[in-house]
Participant: 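Before I ask anything, let me first share the structure, which is written out below as structure tokens.
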Amino acid sequence: MELSDIDSVEAAAGAYGLDATDSARLARLVEYIASISPRVILSTLLALDRGGEPRGPLWDRCVFDHGAVFLFPADAEAMRKHLVTAGFLLGTTVPSVVVQRRVCTRYGLDSDSYRIHILHARRRHLGSPSREQRIEIFFPVASAAHLWAREDERRHNRETHFAFAVEGLDSSTYLTMRRELAESAGMVPDGGGFNPHDRNHGPGCSTFYFTGPGTMGEHPWPRRLELLCGGRLESALAAHSTPRL
């Protein structure tokens, strides 16, 4: 089964742990990553004119890492099996730190009882074997609870984002990129933090979310960019939590 075929994904996912709404959301994200180059994704995030590309040494250091979506599977193990059937290689499922804190704060939920996990999955791009399709799925351990959180996320896609790893990211680079994002793309910090469980890039992962007005073209996703790097960048994380510098 190919995830580039949205209809087949919706039909199959309904039998593999996801309802029709979430199977469509997942299929739409995967199809987008399959059909759009990472540079165009970054250009759209930065709200550059059609055909424009991000320029400069800073943006050349950005490597596409994943597109992310918050799903609500009835059966997480069945969802994993569905992804394997679709040709994805699955990474280790780890606890969320940043998104869990954001979600629990947003909806007034108890973080001890509403747990969110992260699943990474990847496969070779069907049309370009040298490129990988990489996705990140957030999902609550108990999806039946707090249905208002599920419906709000489905309506607004607040946690959907596109992530780029930044080679050699340090505090100075962070401040420069933040300033450029604000001045040229109208983007501001939108949460972040350190997850010691996510070891795809080193001993834990530092995460910096930015958001701007509007959506990703015709898609319902917000213009939401994640910059990330391995390790804990204490001073950059502290600066990220400051609304104005």
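Since we're looking at a predicted model, the values are computed, not measured. Just the heavy atoms: all of them, side chains too, but no hydrogens, waters or symmetry mates, feed the values below.
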Participant: When you measure from the side chain of S206 to the backbone of L228, do you find a donor-acceptor pair of N or O atoms at a distance under 3.5 Å?
Facilitator: no
Participant: So, R223 side chain and A185 main chain: donor-acceptor pair closer than 3.5 Å or not?
Facilitator: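 Yes.
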Participant: Check whether the ring centres of F164 and H66 lie less than 6.0 Å apart, and answer yes or no.
Facilitator: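 No, they do not, as the ring centres are separated by 6.0 Å or more.
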Participant: N157 side chain to T160 main-chain N or O, any donor-acceptor pair under 3.5 Å?
Facilitator: no
Participant: Both conditions, 6.0 Å and 45 degrees, for the charged tip of R134 above the ring of F64: are they met here?
Facilitator: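 The answer is no, since R134 fails at least one limit relative to F64.
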Participant: Looking at R39 and D60, is there a salt bridge between them, counting it only when a charged N and a carboxylate O are closer than 4.0 Å?
Facilitator: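 Judged by the 4.0 Å cut-off on N to carboxylate O distance, D60 and R39 do form a salt bridge.
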Participant: Please answer whether the main-chain N or O of G230 pairs with a side-chain N or O of N200 as donor and acceptor at a distance below 3.5 Å.
Facilitator: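 Pair absent, no side-chain N/O of N200 close to backbone of G230.
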Participant: Look at E31 together with R28 and state whether they make a salt bridge at an N to O cut-off of under 4.0 Å.
Facilitator: no
Participant: Under the side chain to side chain contact (heavy atoms under 4.5 Å, CB included) rule, collect the residues that match up with V40, sequence neighbours excluded.
Facilitator: I36, S37, T44
Participant: Ion pair present between E159 and R106, side-chain N to carboxylate O less than 4.0 angstrom?
Facilitator: yes
Participant: Side chain of H197, backbone of I118: donor and acceptor closer than 3.5 Å?
Facilitator: no
Participant: Would a hydrophobic clustering, with Ile, Leu, Val, Met, Phe, Trp and Tyr connected at side-chain separations under 4.5 Å, put L181 with V166?
Facilitator: yes
Participant: Between R154 and D19, does any NZ, NE, NH1 or NH2 come within less than 4.0 Å of an OD or OE carboxylate oxygen?
Facilitator: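 Salt bridge between D19 and R154, a charged N being under 4.0 Å from a carboxylate O: yes.
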Participant: Please confirm whether the backbone N or O of S111 pairs with a side-chain atom of R115, one donor and one acceptor, at under 3.5 Å?
Facilitator: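 Between the backbone of S111 and the side chain of R115 there is a qualifying donor-acceptor contact (under 3.5 Å).
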Participant: Determine, using ring centers only, whether W221 and F162 are less than 6.0 Å apart.
Facilitator: yes
Participant: Do the ring centers of F72 and F139 come within less than 6.0 Å of each other?
Facilitator: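 Not close enough - the centres of the two rings lie 6.0 Å or further apart.
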Participant: Does R123 use its side chain to pair, donor to acceptor, with the backbone of G87 at less than 3.5 Å?
Facilitator: no
Participant: Could you tell me if the ring centre of Y32 sits under 6.0 Å from that of H219?
Facilitator: yes
Participant: Report whether V97 and V141 are members of the same hydrophobic cluster (ILVMFWY, side-chain heavy atoms less than 4.5 Å apart, transitive linking).
Facilitator: no
